[in-house]
Chemist: 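Just passing along the structure, written as structure tokens.
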Amino acid sequence: MAERETPSAAVPVTPREPLRSRAWFGDGGKNGFIARHHLRAMGRGGHNFDGRPVIGICNTFSELTPCNGHLQILADAVKRGVLQAGGFPLEFPAMSLGEPFLRPTSMLYRNLAAMEIEEQIRANPIDAVVLLTGCDKTTPAALMGAASAGVPAIVLTGGPMLNGRFKGRHVGSGTDIWRMTEELRAGTITQEEFTEFESSLNRSAGHCMTMGTASTMACLAEALGMMLPGGSGLPAVDARRGTLAEETGARAVALAGSDLTPRRIMTRAAFENAVRINAAIGGSTNAVVHLLALAGRLGVPLELDDFDRLGAELPLLIDLMPSGRFLMEEFAYAGGLPALVNDLQDALHQDTVTVTGLSLTANCQGAQVYDREVIRAFINPVLPAGRGTAVVRGSLAPDGAVIKLSAAAPHLLDHTGPALVFDSIEDYLAVAEDSTLDVSAETVLIVRNTGPRGYPGMPEVGNLPLPKKLLDAGIRDMVRVSDARMSGTAFGTCVLHVAPEAAVGGPLAFVRTGDQVRLDVPGRRLDVLIDETEMDLRRSAWQPPKPPVTRGWTYLYTEHVTQADTGADLDFLVGATDSPPPRQAF
Ligand code: FES
């Protein structure tokens, strides 16, 4: 990737006339006057309104989202590209979602950000939009909003941080935090070492540099065709990201008013490519929820089982944490996603169209792999095919649950053990350090009421920390089951996204401590081994929990959020929603 020029301006597109923005600026009377003269107040002269395309730059910069803290620099570069290509750039802020700070969880706000971005695009004189994103939820939120708005869009992520460096070795976002936290709890490292590690991990601007959710969603935005080739991998501070930003701005001008809308690009075939690529990169389980939600916005028939079926066709080829050894910097220098796509082209649909006007595979034709340790050949995968995301169903998860096989212990993938059940994550954490806890390596640890509606917001707590008693015994993995998500940087034998969740009366609500639970990944089953009569008795005695909040966004969310197996979007946002420009109100 690094040595290739991007085909950003490779294919001309035919603008549809008139441009959308002419409904605001093209009027010679009062309404056009009002639209134009307020921009003149910002020093924008008449030549900006001569019919050139207006490019919105949707910026998720925020100091409360440190991963996106450098996006203003990229926004300036995008503007240069827009101006050089003859467009008129107008930057606007969008709700920013930062993993480190947002409570109870950033996922509670993904749909809110998507809704805000959709309405901003639709309500304003925008002919095409550049989506500046980075941290985990910002990319899916922006894609969802743009998909619903129906205006041509192109994604530019902020790029990953440089590798962390600690005591002479590379350390990765999240992955090494989980690892080091467990070592601190086990007493194998000191508090001083832990603090030194804290200051060594994040060495530059950018998002997490493991193949966590941010890197995964950047790769999948590129795989879907919504980003210029190579855009997902370049480090945030690599000067070539500035060039990429200029090219992105220029390409947005070419897209303006064309029919290369998100709906035309993100087809079923594009999603199938993205699901396969997600398997090959060892992508985050969060991608399942985000892609399902995004497909739902577009009316594309994507289902949970597609991730298992299509993903199982490809081996894990990228040796990146949390499933492997390296980090995004090495991936970029090894050739990045274009090199992987070039390797995979026979396994991918070749008739998609991307923001370049070419197909994904055409964009990447000839891209070379420069390091076969990082981007493996088919004959030497990190893991064989079928070790990506598996979907299990059964009496404990009738509508499905997911498990990331590349992050799980192989010996636990066919396991039966007694359940140890907690009604909340707080209940479990209150006893996790208790050395007298009745738990063994065979125990199946279950935490419920952590789903979309129950928590609310489906937090990343599914990789439950191991009980201290097991850590002290040298055990580093056990079967864990929840209706929560887990960080894309995390690992462990964690069954996630159980649907229906406990809070809406899924069977997870009825399992009790001591019940035998069977995880049978080869058979794609997750069952609680009690008979149907007993299950019916428990179901009839169940009382739904009271809504945690009765006003505001959280109330709207809990009333309308769908289950994880359909993407946890709001039910009234699902479906094809392209709509005409707003009416003029005066
Ligand atoms: Fe923002 Fe990881 S915390 S990408």
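Order of listing sets the numbers, starting from 1, for every ligand and every atom in it.
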Chemist: What are the two closest heavy atoms between L471 and R476, and how far apart are they?
Modeler: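 Looks like O-NH1, 3.0 Å.
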
Chemist: Heavy-atom count check: over 12 atoms from other residues, nucleotides or ligands less than 6.0 Å from E198 CD?
Modeler: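 No - once you tally the heavy atoms of other residues, nucleotides and ligands closer than 6.0 Å, there are 12 at most.
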
Chemist: Decide whether a cation-pi geometry holds between R179 and F491; the criteria are a distance under 6.0 Å from NZ or CZ to the six-membered ring centre and an angle within 45° of the ring axis.
Modeler: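 So R179 does make the cation-pi contact.
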
Chemist: Could you check whether any side-chain heavy atom of I265 comes within less than 4.5 Å of a side-chain heavy atom of T352, counting everything from C-beta outward?
Modeler: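 A side-chain contact under 4.5 Å is absent here.
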
Chemist: At less than 4.0 angstrom from any non-hydrogen atom of A214, what atoms of ligand 1 do you find?
Modeler: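 In order of numbering, the contacting atoms are 4 (S).
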
Chemist: Just by distance, with hydrogens left out, do E460 and N286 show a side-chain donor and acceptor under 3.5 Å apart?
Modeler: yes

Chemist: Of all the atoms in C135, is at least one N, O or S atom closer to atom 1 (Fe) of ligand 1 than 2.8 Å?
Modeler: yes

Chemist: Taking both backbone and side chain into account, is any N, O or S atom of C208 nearer than 2.8 Å to atom 2 (Fe) of ligand 1?
Modeler: yes

Chemist: Number the atoms of ligand 1 from 1 as they appear, then name those within less than 4.0 Å of a heavy atom of C67, with their elements.
Modeler: 1 (Fe), 3 (S), 4 (S)

Chemist: Under 4.0 Å from a heavy atom of H207: which atoms of ligand 1 are those, numbered in the order shown and with their elements?
Modeler: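 Matching atoms, with element in brackets: 4 (S).
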
